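First the proteins, then the strands, lettered A, B, ... as listed; each starts at 1. Bear in mind the structure is a predicted one, so any value in this text is a computation, not a measurement.
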Amino acid sequence: MGHSHSPSHSNAGSADHAQEVARHVKVYITVFIALLVGTVVTVALNYLHFESMTVTVAIALFVATVKAFLVAGYFMHLISEKKAIYAILVSTIFFFAAMMYLTVWSRGQLPWGTRYLSSPTPGAPAGQIGH
Amino acid sequence: MDATTHAAHLHETHDAHHEEVGFLRKYVFSTDHKIIGVQYGFTALLFLLLGFLLMACMRWSIAYPGLPIPVVGGLLEKLFGSDVAAGGVLSPDLYNSFGAMHGTIMVFLAIVPLAFAAFGNYVVPLQIGAVDMAFPRVNMASFQCYFLGGVVMFASFFIPGGAAKSGWTSYSPLATMADLGHRFDGQTFWLIGMVLLITSSLLGAVNFIATIIQLRAPGMTWMRMPFFCWAQFVTAFLLLLAFPPLEAAGIMQLMDNLFGTSFFLPTGLIVAGNPVDVSGGGSPLLWQHLFWFLGHPEVYVLILPAMGIVAEIIANNTRKPIWGYKSLVYSAFAIGFLSFIVWAHHMYVTGMGTKISTFFQTTTMIISIPSVIILTCLFISLWGGSIRFNTPMLFVLAFLPMFGIGGLTGLPLGFNYSDLHLHDTYYVIAHFHYVVAPGTIFALFAGIYYWFPKITGRMMNETLGKIHFWLSLIFMNLVFMPMFAQGMAGMLRRMYNGGATYATTDGEVGLPAAILKANIGVTHAAFFLGLAQLPFIFNFFWSIKNGKKVTSDNPWDATTLEWQTPTPPPHGNFTKPVVAHRGPYEYSVPGAATDFTPQSEPDKKH
Amino acid sequence: MQKLLGLPELASVHGHEVDKLIIYVHYLMGALFVGWTIYFLYTIWRFRRSRNPKADYVGVTNNSSNYIEGAVVVVEAVLLLVFAVPLWARAVDDFPPADKSVVVRVTGRQFNWIARYPGADGIFGKQDARLATTENPMGIIARDAKRAAEDPAGKDDIVVEGTSEVVIPVHTNVIVHVSSLDVIHSFKVPALRVTQDAIPGMSIPIYFEATRTNTYQINCAQLCGNGHSTMKGLLRIVPPADFDAWVKSKAGAAPVSYE
Amino acid sequence: MEIPYTVEARNDTGLYNAKVGIWLFLASEVMLFGALFSSYILLRVGADPGTWPHGLLNIPIGTFNTAVLITSSVTVVLSWAALQMRNFAKYRKFQAITIACALGFLGIKTFEYREKFGHYEVWLKNPITVKHGDKEVQTDRLLGHIEFQGTHPSFWSTATLAAKQVESFKFEPDPFHYTMTAREMAHAKKAAAGKPHEVIEIKSADVKRLSAFVPAHSTYFGIYFTLTALHALHVLGGALVIAYLWGPGAKMWKTEPERYINRVEVSGLFWHFVDLVWIFLFPVLYLL
Ligand code: HEA
Ligand code: HEA
Ligand code: CUA
Ligand SMILES: [Cu+2]
């Protein structure tokens with residue numbers, strides 16, 4: 001389906017092109033509905049209040065990611081996009097992941113005995129430092 | 001904001017300049033990549049001068065703390081008031097402002113605009129045989145953002161409280177608290193200026209990448225691109241992906257300064273014995289991570305274009321192909337890629353666990369390898385050449401060992417354990433100045449001497465050029481070499497009195513007298529370094545009018561496409577459509593008529 | 001070599017390793033620098049235009065460069081894996097048993113250092129930043145008129161403020177918890193080869209064992225405002241006996257303040 | 001002089017210039033919002049217990065706004081499809097909806113902001129007893145609304161009390177506090193539903209800290225306002241571009257339809273990205 005997306009409008013208006021577009025319109029509508037459903041699902045699940053925060057986060061982010069793929073894949077027609085674009089996006093995502101992961105990781109990765117102070121600061125026996 | 005300008009400009013690429021254009025449209029609001037390149041060049045050189053002048057005042061204060069600055073002292077007092085420059089003496093506050101602004105101006109307003117924007121704009125489209133950049137309007141917007149950013153930064157000197165005082169790194173909480181007296185303080189201006197400069201770089205980066213991907217002339221395959229274009233290509237990606245995080249951080253620090261948020265302010269801050277009335281809960285280290293996520297790639301933004309220039313000029317003046325063109329390209333990519341994951345080597349002493357420290361030490365060591373490879377290739381390229389020692393080549397030859405020294409001294413900093421002793425000392429200052437000053441600046445000088453005839457149609461004066469070179473080389477080293485010793489001895493940076501506080505006295509062990517005395521020598525060397533630029537400045541302006549006219553479009557007998565255009569190149573660059581038939585550095589091809597075969601020259605065979 | 005590089009007087013056990021690493025790295029740097037400089041000077045002399053009018057299209061054909069680069073890789077790998085990484089692991093992971101060490105909390109503020117010892121009971125008192133006053137800059141609860149009763153442990157803490165003096169015994173493991181009240185400072189003692197940023201909201205321990213009795217300067221190695229260059233502290237390394245005597249002299253006494 | 005590939009695609013890359021440009025720009029946008037997301041995570045992981053508000057945003061409205069934005073996204077592609085079908089009228093119809101949605105989104109956001117600015121947390125010097133749902137609790141931190149001289153002021157802070165020399169003010173405490181778990185909060189709200197609001201009198205002297213739900217309230221609201229405001233700016237920007245193409249820019253449809261379609265596609269790509277960012281913002285800020 002690539003050619004119809006890449007703006008090779010030479011054949012624009014021609015019958016097969018028309019069908020092509022018509023088919024995409026169907027896809028768009030389906031995606032649209034899927035997105036709405038996804039939203040409703042996330043919100044609904046949220047009202048169930050799972051015991052563990054992790055589950056809530058996991059589900060919410062999972063659904064969000066799926067929605068993101070739908071938008072990027074179909075609305076932004078990435079699935080039929082050229083590989084130059086992929087190269088750019090993949091490296092971007094990698095660097096973003098690196099930034100996020102290393103930054104957050106380094107927060108926990110501290111010298112032995114390091115403490116984050118909050119007011120009030122707990123006193124500590126000189127004997128036992130650390131968390 | 002940038003969203004609109006960008007998206008809007010994206011489309012209005014070529015209704016630009018059809019009609020006969022007037023002076024304003026031609027020189028001020030031009031969309032021609034060459035004019036924009038020149039605009040960038042001039043502005044950046046002026047900022048380079050400003051950066052130097054700030055530093056000159058700092059150097060005086062370092063050598064003679066408490067003594068009024070000669071010549072400009074009175075002026076400073078008039079400009080900045082007697083509370084910070086009483087009797088022309090630099091107060092610690094003013095010193096900190098100058099220090100922060102010297103760094104900021106040199107990096108973001110002088111070298112990057114000169115190396116990336118100016119040379120990139122002028123040369124890249126010519127070298128790949130394009131008629132212009134892909135998005136001329138965006139290109140113009142990029143320069144305007146840069147100019148605005150420069151104005152904001154410059155203006156910040158004259159607002160109540162003065163310019164930013166917290167180092168070019170602007171670490172929180174200091175950046176937020178340095179100037180609590182004023183709502184719109186220098187730091188706020190700094191942040192606004194940075195957002196403008198970042199926007200400018202982003203627009204530029206998008207433009208460069210799109211241009212190189214889309215507008216290469218027929219036959220200009222990727223592996224036929226001059227290394228300079230590769231360097232700019234990688235650089236553009238660094239700017240594109242590393243700058244936004246700093247923009248985000250800038251926005252957050254702006255919120256901290258103006259709206260009392262606590263992104264970078266931890267719980268329980270106590271200033272002068274009083275609890276600070278903020279919510280707290282923020283993280284000072286978050287700022288450092290986001291800053292250095294830009295900060296490290298930025299330093300390669302400073303060096304890659306320089307390496308590009310060096311490669312061009314070496315090939316041209318050794319009259320032989322660059323040795324290991326492919327490894328150069330791959331190394332540039334390796335550097336680009338790795339530079340995103342080494343940033344925390346600037347944060348070794350903030351307290352790092354074993355794992356994270358090991359990770360960043362390892363990546364830091366790995367990233368030094370491609371630099372080694374690049375330098376090795378450039379060194380080996382000299383072998384078997386027929387070397388012409390004209391001014392550009394002299395600067396380029398000097399670049400090699402100078403960058404070498406700067407780079408090598410990066411290694412002891414790259415290990416967490418040895419950085420324990422060297423961090424924040426003048427060793428670091430010497431390390432990176434060797435790379436950016438006798439390194440990058442020399443490469444830029446070389447580039448100016450090299451492309452000057454293409455831009456103006458006249459050569460710059462060789463004798464003055466050689467004087468400029470030798471004096472600069474000598475004094476650069478006299479300025480920065482002693483700093484290694486000072487750093488090793490433990491002399492710290494960012495001290496308005498050059499560490500006088502830490503002099504050894506009877507009863508306390510501190511800095512040896514000799515180390516502190518060196519400050520005086522360095523300062524004078526720095527002044528002479530400034531004087532050494534006069535031949536250049538004179539040569540520069542004089543040659544525009546009176547330089548020796550070039551006899552051909554290709555005065556250096558070069559192979560790359562920019563020399564196939566008329567001199568200076570008209571709007572639209574090439575008079576006839578160009579096709580690249582061969583690699584970029586076909587010098588002294590066995591059996592060829594001349595010792596250079598331009599890329600555009602068709603093969604004899606068919 | 002120490003002298004050649006101009007490293008300052010050394011007064012700690014681990015500092016020896018720091019110097020060793022610095023020196024080894026400089027051997028590598030020196031080798032590369034000298035080697036390449038010689039090659040460089042020879043080449044530009046040998047292949048100058050007047051002596052070599054016709055350039056050689058091919059240039060170097062052997063792959064000696066690979067060996068040089070390979071060598072650099074190997075040496076760097078050794079320096080990293082054999083020295084840098086294990087040494088750092090030791091510096092941040094295997095602290096000496098704190099109950100057999102002298103533990104100090106050093107807190108930076110604009111523009112001096114506050115040293116705090118747990119006192120006879122060996123327990124640091126609690127702090128509450130919201131209690132901070134000019135008299136009680138760290139908001140130590142035991143020093144707060146209203147809430148002193150809450151935290152007896154803090155009573156006998158020894159707090160040395162105003163003089164930026166830190167007193168420690170020689171030949172003893174010392175653990176220093178570095179922190180800050182306002183902006184980021186950095187606790188650096190060149191003679192001990194230690195540097196640790198003092199970051200508000202965090203308390204980060206470092207340890208060392210001093211090898212000489214002497215008075216060394218504590219530097220603030222992080223830009224912290226207009227007083228940064230004058231934020232000098234003094235580290236007094238004294239014989240253990242004197243240290244104990246000093247502690248006794250302070251114990252119980254009202255918090256020392258020279259302000 | 002003509003710059004090539006502004007309309008037709010370059011055959012080795014298969015792309016026209018603006019397409020490359022916009023995707024590069026979006027890549028940088030990913031890093032921009034990515035950095036803010038990373039900060040959000042770091043700040044949240046680092047937050048002291050009881051200092052990270054949750055459940056204070058208006059979920060139904062947020063959900064509705066999400067739907068609005070998704071709708072605008074689909075109308076954008078549909079309008080683009082219509083153009084490819086050479087159906088200009090239909091294109092205009094769909095983009096009109098898009099623009100309407102954009103304005104709607106911004107309107108709703110403004111309303112949400114205003115709601116927050118008038119909603120307070122007050123930290124008291126010593127605990128008092130209030131009803132959380134059906135049970136009495138001792139607490140020194142209350143959420144609720146200020147009533148002062150018959151008005152419900154916004155943007156008050158600890159400083160305001162001194163500045164305005166307020167001795168005391170009326171306060172309608174909410175029947176819950178974010179130190180509760182989500183479930184407890186929901187329960188407390190249900191229990192309190194329909195019951196009349198108790199109003200208490202608070203002396204300024206007893207107030208340790210007072211803050212409306214503004215960026216300064218906490219790092220949570222700080223990042224919430226920063227992210228959503230930055231996103232709103234993007235919505236505004238995108239809407240302006242689309243509106244421009246819809247109105248004055250539409251001339252080009254007569255002269256260079258292909259280029260016009262490209263412009264619409266590119267502005268669309270930007271719009272979808274803005275939508276995509278919100279798809280993450282909504283659950284992260286509203287639900288977690
Ligand atoms: C263009 C700029 C540039 C470049 C290229 C580099 C290159 C490198 N830098 Fe540098 N660095 C800076 C600019 C730069 N740096 C700046 C501005 C700072 C300070 C910021 C601040 O705090 O204000 C800094 C600080 C800095 C630090 C933090 C120090 C501290 O604050 O404690 C570290 C630590 O790892 C580091 C490491 C390195 C390394 C390993 C390289 C490597 O990439 C180097 C690799 C190169 C080589 C290994 C050379 C190889 C040479 C040969 C093989 C031939 C030699 C031949 C002859 C000499 C004849 N740098
Ligand atoms: C690219 C970056 C760059 C460059 C080129 C320079 C160039 C120089 N720097 Fe800079 N410097 C920094 C980046 C740079 N610096 C940074 C980031 C810091 C840290 C700041 C901080 O601590 O926060 C710093 C800090 C710094 C310090 C330490 C201050 C301190 O810690 O207290 C010192 C001290 O000597 C110094 C000196 C110099 C000198 C002597 C030069 C010389 O090399 C200058 C050479 C330049 C010239 C001689 C001017 C030539 C002018 C022209 C050619 C103009 C021509 C004009 C026309 C034709 C119109 N610099
Ligand atoms: Cu404290 Cu510098
Ligand atoms: Cu770095």
Sidechain-backbone polar pair: C:Asn52 side chain, B:Gly385 backbone, donor-acceptor under 3.5 Å: yes
Closest approach of C:Leu87 to B:Tyr417 (non-hydrogen atoms, all atoms of both residues): CD1-CD2, 3.6 Å
Heavy-atom donor-acceptor pair, C:Trp88 side chain to B:Met352 backbone, under 3.5 Å: yes
Contact origin within C:Glu135 toward chain B - heavy atom pairs under 4.5 Å: neither
Residue part contacting chain B, namely of C:Ala191, when any heavy atom lies under 4.5 Å: neither
Test side-chain hydrogen bond (donor to acceptor under 3.5 Å, both in side chains) applied to B:Glu586 and C:Tyr57, step by step: CA-CA 8 Å; B:Glu586 292 300 287; C:Tyr57 179 74; 2.9 Å; yes
Expected output: side-chain C:Glu76 to main-chain B:Leu411 donor-acceptor under 3.5 Å: no
Minimum-distance pair of heavy atoms, taken over all atoms of C:Ile184 and B:Pro173: CG1-CD, 3.9 Å
Proximity breakdown for C:Tyr42 and chain B, heavy-atom pairs closer than 4.5 Å: side chain
Donor-acceptor contact present, side-chain B:Lys320 to main-chain C:Lys54, <3.5 Å: no
Main-chain N/O of B:Val349 paired with C:Gln196 side-chain donor or acceptor, under 3.5 Å: yes
Cationic N near anionic O, under 4.0 Å, B:Asp595 to C:Arg49: yes
Donor-acceptor under 3.5 Å (B:Tyr496 side chain, C:Gly227 main chain): no
Minimal non-hydrogen separation, C:Pro8 against B:Met488, with atom names: CD-O, 3.2 Å
Contacts with chain B made by residues 64-72 of chain C (heavy-atom distance under 4.5 Å), listed by residue number: C:Ser65, C:Glu69, C:Val72
